[in-house]
Protein chains: 2
Amino acid sequence: MSIACDTCVVRNRAICSVLDTDELVALNRIGRTRTISAGQTLMWEGEDSALVANVLDGVLKLSTGTEDGREQIVGIVYPADFIGRPFGARAQQTVTALTEARVCVFARGDFDAFAREHPALEHKLLQRTLTELDRARHWMLLLGRKSAMEKMASFLLEMSERLVQNGCTPDAGPLDRFTLPFGRQQIADILGLTIETVSRLLTKLKNDGVIDLPSRREVAILQRDILHHRAG
Amino acid sequence: MSIACDTCVVRNRAICSVLDTDELVALNRIGRTRTISAGQTLMWEGEDSALVANVLDGVLKLSTGTEDGREQIVGIVYPADFIGRPFGARAQQTVTALTEARVCVFARGDFDAFAREHPALEHKLLQRTLTELDRARHWMLLLGRKSAMEKMASFLLEMSERLVQNGCTPDAGPLDRFTLPFGRQQIADILGLTIETVSRLLTKLKNDGVIDLPSRREVAILQRDILHHRAG
DNA sequence: CGCGGCTTTGAGATACTTCAAGAGAGGTGG
DNA sequence: CCACCTCTCTTGAAGTATCTCAAAGCCGCG
């Protein structure tokens with residue numbers, strides 16, 4: 001039987017990788033592919049959790065905000081990552097596409113039921129969730145205890161590691177040049193800073209010869225060791 | 001057969017609650033109870049993850065730090081909570097007892113193997129991990145975007161909800177008076193502030209009549225609505 | 001009573017924000 | 001192809017929340 005998953009670009013990296021063909025057929029039946037344009041929101045904080053999804057392509061952000069409009073980005077989602085809140089009634093974060101994105105969506109109830117019948121899938125999801133929890137807690141150190149420059153340096157280093165093309169190329173280590181899927185305000189919302197501070201820090205790093213900024217969203221790391229040093 | 005779990009105080013709230021008697025006997029065989037005195041550390045960040053545990057009694061903190069000694073508390077662990085990093089080689093946080101604590105510990109390898117054979121246990125663990133992840137991400141908003149006073153007010157409100165005696169008393173809602181398991185420096189390490197700022201904020205809240213501080217570690221909330229308002 | 005650790009309070013320093021313009025980039029239409 | 005517009009980003013100057021440094025107060029405990 002031929003199904004969409006056969007040609008799925010994240011087939012071997014998403015949580016689905018633990019499923020055999022029959023199981024994949026069953027999962028495929030309850031899901032569908034959806035395209036989201038940049039800036040569009042897939043689910044809202046506080047809304048009831050109706051959907052979960054696998055990311056096929058693109059980058060999305062998870063964010064929370066205060067009543068008066070301050071925003072904090074709490075997670076960045078890449079291809080093969082899972083989004084949504086299974087086994088829970090409410091979505092706790094807003095999910096918004098930063099680039100055009102393709103996701104494989106499931107009604108939460110359907111997915112929950114399927115997962116409960118497939119322990120291997122739940123196990124994979126558990127592993128991912130544990131990793132995400134470690135990552136979130138590590139980010140709390142950055143938010144709570146690092147200076148603005150340390151935050152920025154840490155951020156650039158993390159991006160150089162995470163934005164590696166997840167394509168066919170064998171793992172080539174961190175990139176020395178990459179295009180951010182964020183504008184300055186979004187970097188500020190990730191680091192808990194203001195847009196002006198972000199701009200000043202980037203200019204300073206550029207003037208110090210640590211990085212180069214070929215265009216608005218491109219970054220080239222010229223002196224990784226120094227950047228590392230500034231990350232605290 | 002009589003086992004320790006029969007009289008376990010968290011029997012119905014810890015992840016073990018999904019196990020039947022036979023399973024509990026098996027799990028009991030690979031675990032043992034251990035007492036930790038206040039201030040003692042159970043596992044260290046970066047060390048390999050040898051243990052996992054259920055908390056029976058007491059309060060512990062999860063923390064990470066920078067090389068130069070700055071610390072951020074990233075989680076607080078109460079009775080019936082699970083600690084450690086199953087299915088992963090390294091502990092990502094340091095776990096330290098804040099009060100004298102009793103925990104039910106397992107060698108990580110033993111626990112991993114047991115969990116893989118008991119999907120219901122993994123499911124329960126997944127649910128907990130998802131909840132913890134939501135909590136951690138919510139805390140990121142506090143760390144990144146809230147003012148010192150907003151942080152303190154949010155903290156006091158959260159404590160009044162989480163420190164509810166988990167004993168036999170039916171759920172009685174948030175406490176208006178409680179004893180913190182933290183000193184001032186630890187509150188600072190939770191909120192990403194300095195000890196002096198923490199002290200000043202508490203005295204201000206007291207002078208404003210919003211709270212009372214009967215002793216060093218006791219807090220009484222006098223005007224919950226105002227505290228809520230100051231939490232942002 | 002006196003000692004040591006924790007906490008409070010004060011005064012001054014500063015990192016980051018806020019407010020306010022100006023410059024640059026990218027897109028659109030003439 | 002250039003002029004224009006808008007949106008984002010940069011830069012500057014001033015303000016302020018929080019930190020740092022320093023000293024004194026409190027409290028439990030031997």
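Letters A, B, ... are given to chains in the order of the sequence lines, protein chains preceding strands, and every chain is numbered from 1.
Rounded to whole Å, atom P of D:dG12 lies 10 Å from atom CG of A:N207. Here the P atom of nucleotide D:dG12 and the NZ atom of A:K204 are 14 Å apart, to the nearest Å. Between the CZ atom of A:R217 and the P atom of D:dC9 there is a distance of 7 Å, given to the nearest Å. Across the protein-nucleic acid pair, B:D189 atom CG and D:dC19 atom P stand 12 Å apart, rounded to whole Å. Atom CZ in B:R145 sits about 14 Å away from atom P in D:dT18, given to the nearest Å. Per the geometry, CZ belonging to B:R230 stands 14 Å off P belonging to D:dA17, to the nearest Å. In this structure, A:I195 places its CD1 atom 13 Å from P of D:dT11, rounding to the nearest Å. One interatomic measurement links the two molecules: CG of A:L213 to P of D:dT10, which rounds to 7 Å at whole-angstrom precision.
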| field | Trace of the side chain to side chain donor-acceptor pair (under 3.5 Å) decision for A:S154 with A:R230 | value | CA-CA 8 Å; A:S154 306; A:R230 295 206 184 175; over 6 Å; no
| field | Steps toward side chain to side chain donor-acceptor pair (under 3.5 Å) verdict (B:R145, A:T64) | value | CA-CA 10 Å; B:R145 288 299 186 205; A:T64 5; over 6 Å; no
| When you look at A:L156 and A:M159, which way does the side chain to side chain contact (heavy atoms under 4.5 Å, CB included) test go after all the steps? | CA-CA 5 Å; A:L156 291 174; A:M159 283 302 112; 5.6 Å; no
| request: Start with the C-alpha gap between A:T197 and A:R184, add the side-chain angles, then the distance that decides, and say whether side chain to side chain donor-acceptor pair (under 3.5 Å) holds. | output: CA-CA 10 Å; A:T197 301; A:R184 297 289 186 267; over 6 Å; no
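Between A:F82 and A:F106, the distance from one ring center to the other does not fall under 6.0 angstrom.
The residue B:L193 sits close only to the backbone: its heavy atoms come under 4.0 Å of sugar-phosphate atoms, none of a base. Among the atoms of the strands shown, only primed sugar atoms or phosphate atoms (P, OP1, OP2) are found under 4.0 Å from some heavy atom of B:T203.
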Report, one pair per line, the protein and nucleotides 24-28 of chain D atoms (nitrogen or oxygen only) whose separation is under 3.5 Å.
residue: D:dC26; atom: O2; partner: B:R216; partner atom: NH2; Å: 3.2

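Nucleotides of DNA chain C with any atom under 4.0 Å from a heavy atom of chain A span, from 5' to 3', C:dC16 to C:dA25.
In the interface, the side chain of B:E196 is paired with the base of D:dC21 through a donor and an acceptor atom under 3.5 Å apart.
By the side-chain contact (heavy atoms from CB on, under 4.5 Å) test, B:D48 is found to be paired with B:R90, residues two or more places apart in sequence or in another chain being considered. B:R70 pairs by the salt bridge (Lys or Arg N to Asp or Glu O under 4.0 Å) definition with A:E150, B:D68, not counting sequence neighbours.
To the nearest 0.5 Å, atom CG of residue B:L213 and atom NZ of residue B:K206 are 5.5 Å apart.
The pair A:E132-B:R137 meets the salt-bridge criterion, with a side-chain N (NZ, NE, NH1 or NH2) lying under 4.0 Å from an Asp/Glu carboxylate O. Between B:R13 and B:D81, none of the side-chain N atoms (NZ, or NE/NH1/NH2) sits under 4.0 Å from a carboxylate O, so this pair counts as no salt bridge.
In terms of phosphate contacts, A:R200 brings no side-chain nitrogen or oxygen within less than 4.0 Å of OP1 or OP2 of D:dT11.
Looking at residues 146-157 of chain A, you'll see A:S147, A:A148 sit with a heavy atom under 4.0 Å from some atom of DNA chain C.
Considering every non-hydrogen atom in both B:P79 and B:G58, the closest pair reads CD-O, 3.3 Å.
For residues 52-62 of chain B, the side-chain hydrogen bond (donor to acceptor under 3.5 Å, both in side chains) pairs, not counting sequence neighbours, are B:K61-B:E71.
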